[in-house]
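In what follows, chains carry the letters A, B, and so on, assigned in the order in which the sequence lines appear, proteins first and then strands, with residues in each chain numbered from 1. Not measured: the values here are computed from a predicted model.
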Protein chains: 2
Amino acid sequence: MSLPHAILTALLEKPSSGLELTRRFDKSIGYFWSATHQQIYRELGKLEREGAIRALPRQGATRGQKKEYEVLPAGRAELARWTAASQDPKPMRDTLLLRLRAAAVVGTDGIQADLHRHLDLHRRQLAEYEEIERRDFPPGKDAVEDRLRHVVLRAGIDLETFWTRWLTRTIEELEAP
Amino acid sequence: MSLPHAILTALLEKPSSGLELTRRFDKSIGYFWSATHQQIYRELGKLEREGAIRALPRQGATRGQKKEYEVLPAGRAELARWTAASQDPKPMRDTLLLRLRAAAVVGTDGIQADLHRHLDLHRRQLAEYEEIERRDFPPGKDAVEDRLRHVVLRAGIDLETFWTRWLTRTIEELEAP
DNA sequence: AAGTGTTGTGCAACTAGTTGCATAAAGCGT
DNA sequence: ACGCTTTATGCAACTAGTTGCACAACACTT
């Protein structure tokens, strides 16, 4: 239920074509709501049929031709409604935690390597977020929209920090006597 | 791809019927891999057909009659294989973060109340985890399986701690000038 | 002009999870 | 014996996300 709203947000930040959206979903928005280009094109079609967005008029917009979309008032209204509406947090689903729990009954053989790999991945992600913070949120930049985007990025940084710490401790715990 | 493995883990910890599993998924395992009873029954049927588990022989096991399952060697082997296999962490998907990002373009009207509600929910969950930690992991209990289950619980505690802190700061940030 | 790579759009089939409802047995009060 | 609630199992339809592949236009090379 959130992909259309992620797309509306992205399009409000800047009108784009499907491929541009795809690229932006690979960073930025995609950091907390990932989507493939197939999903995006499918959803763009649906949003257009519903009158939430429209393709910017351009002559021969056929297959293989870039098609830019912008948000219509109806789309903006729907996004505002959705943003304000109360939603329950959905229960977490984490494979790695499940695997550790399974390892308690079938043994820890082979899982260590993957813990190290995950630690490495989370460290990289953390470094990437911190780089973005340095670049996009220098001290002083504190208009309301900036502050909002900054707390979102902060969540990413803090989460990756949590994972790196937790993985480090877990690895120690497994390698201890 | 993980529900069957969650079920195998639960059944190895203790052979159970569908309803018992459902209850256990409402706490414990379900804290990091939730599932409804419909999913569970469907998956139990599939696992049985595949020869990973079997129903404990019991006379007239028809509809409305309790049916207990236990894991067969093939099931345990599959779980061990899955646990040891390398898997990529899957990108996070968080609606609340997405909504904040959307709020940066359509305004923060109405989202505050929900932030407070989430903060409350996360605080409760944190308290619940801490209660479990006190009850199930008193100092000294440190067999390998205990230590594993404990680090998993620790992840839950640390995550909820992160959310409560982040939500507190975010609420302050939104209410500031 | 023909082949190759890149950019851009999209469909179809599949997998996993959710929602809504149906059914059966057993216990319990009246 | 009758309904009422609880325990227990399960199907069917739907929604969301993933995977695999195809096709069109254009730019660049030879």
Side-chain angles (χ1 to χ4, degrees), chain A residues 1-8 10-11 15-26 29-30 32-50 53-56 58-69 82 87-95 98, chain B residues 1-8 10-11 15-26 29-30 32-50 53-56 58-69 82 87-95 98:
Chain A
M1 272 302 296
S2 304
L3 179 57
H5 302 100
I7 292 179
L8 287 172
L11 286 182
S16 311
S17 68
L19 191 63
E20 276 167 346
L21 276 179
T22 303
R23 291 206 221 285
R24 289 169 59 200
F25 267 78
D26 285 341
I29 301 232
F32 46 89
W33 203 273
S34 64
T36 61
H37 78 271
Q38 291 90 336
Q39 270 179 286
I40 290 170
Y41 283 116
R42 189 203 293 163
E43 205 61 44
L44 282 172
K46 209 171 150 210
L47 285 168
E48 191 179 21
R49 281 194 302 280
E50 292 167 359
I53 62 174
R54 64 162 188 170
L56 290 183
R58 179 153 310 205
Q59 53 288 16
T62 134
R63 203 191 182 98
Q65 289 286 103
K66 189 154 85 171
K67 202 159 52 165
E68 288 227 314
Y69 292 93
W82 177 82
Q87 272 182 257
D88 283 333
K90 56 176 50 179
M92 114 168 107
R93 284 234 169 100
D94 190 281
T95 316
L98 187 55
Chain B
M1 274 298 299
S2 305
L3 179 58
H5 303 101
I7 291 178
L8 287 172
L11 286 181
S16 312
S17 66
L19 193 62
E20 276 166 347
L21 276 179
T22 303
R23 292 206 220 285
R24 289 169 60 200
F25 268 77
D26 285 341
I29 302 230
F32 45 88
W33 203 273
S34 63
T36 61
H37 78 271
Q38 290 91 335
Q39 271 179 287
I40 290 169
Y41 283 115
R42 190 204 289 164
E43 205 61 43
L44 282 172
K46 208 171 152 212
L47 286 168
E48 191 179 22
R49 280 194 301 281
E50 291 167 359
I53 62 174
R54 64 161 187 169
L56 289 182
R58 182 155 305 206
Q59 52 288 15
T62 132
R63 202 187 184 101
Q65 289 286 102
K66 189 154 85 171
K67 203 160 48 165
E68 288 226 313
Y69 292 93
W82 177 82
Q87 273 182 255
D88 283 333
K90 57 175 50 179
M92 116 169 105
R93 284 232 169 101
D94 191 281
T95 317
L98 187 56

For this session: Looking only at side-chain atoms of His37(A), point me to the closest of dG10(C), dT19(D), dG20(C).
Result: dG10(C)
For this session: Can you tell me the distance, in whole Å, between the CD atom of Gln38(A) and the C1' atom of dC23(D)?
Result: 14 Å
Problem set entry | Whole-Å gap separating C1' (dG8(C)) and CG (Leu56(A)) | 16 Å
For this session: For the pair Leu44(A) and Leu11(A), evaluate side-chain contact (heavy atoms from CB on, under 4.5 Å) and give the outcome as yes or no after the intermediate values.
Result: CA-CA 10 Å; Leu44(A) 282 172; Leu11(A) 286 182; 4.2 Å; yes
Exercise. Does any N or O in the side chain of Glu48(B) come within less than 3.5 Å of the main-chain N or O of Gly45(B), such that one atom is a donor and the other an acceptor?
Worked result: no
Problem set entry | Partner set under side-chain hydrogen bond (donor to acceptor under 3.5 Å, both in side chains) for Gln87(B), not counting sequence neighbours | Trp82(B)
Exercise. Rounded to whole angstroms, how far apart are CG on Leu21(B) and P on dT7(D)?
Worked result: 17 Å
Exercise. Relative to the 5' end of DNA chain D, which residue comes earlier, Tyr41(B) or Thr36(A), by the nucleotide with the nearest heavy atom?
Worked result: Tyr41(B)
Problem set entry | Nearest-nucleotide pick for Arg23(A), side chain only, options being dT19(C), dT7(C), dA8(D) | dT7(C)
Problem set entry | Nearest-angstrom distance from the residue atom CD1 of Ile40(B) to P of dT18(C) | 11 Å
For this session: Test side-chain contact (heavy atoms from CB on, under 4.5 Å) on Ile7(B) and Phe25(B) and set out the steps.
Result: CA-CA 9 Å; Ile7(B) 291 178; Phe25(B) 268 77; 4.1 Å; yes
For this session: Could you tell me the separation between the CD atom of Glu43(A) and the P atom of dC11(C), rounded to a whole number of Å?
Result: 13 Å
Exercise. Within the distance-only criterion (no hydrogens, no angle test), does the side chain of Gln39(B) pair as donor or acceptor with the backbone N or O of Thr36(B) below 3.5 angstrom?
Worked result: yes
For this session: Remember a base hit wins even if backbone is also touched, and classify Thr22(A) as base, sugar-phosphate or nothing at under 4.0 Å, heavy atoms.
Result: nothing
For this session: Please answer whether the main-chain N or O of Gly30(A) pairs with a side-chain N or O of Ser34(A) as donor and acceptor at a distance below 3.5 Å.
Result: no
For this session: In sequence, state the C-alpha distance, the side-chain angles, and the governing distance for Lys90(B) and Arg93(A), and then conclude on side-chain contact (heavy atoms from CB on, under 4.5 Å).
Result: CA-CA 10 Å; Lys90(B) 57 175 50 179; Arg93(A) 284 234 169 100; over 6 Å; no
Pick out the pairs of N or O atoms, protein on one side and nucleotides 13-17 of chain C on the other, that lie under 3.5 Å.
residue	atom	partner	partner atom	Å
dG17(C)	N7	Arg42(B)	NH1	3.3

For this session: Ignoring backbone atoms, establish whether Lys67(B) has a side-chain N or O less than 4.0 Å from OP1 or OP2 of dG10(D).
Result: yes
Problem set entry | 5'-most by nearest nucleotide on DNA chain D - Leu19(B) or Pro91(B) | Leu19(B)
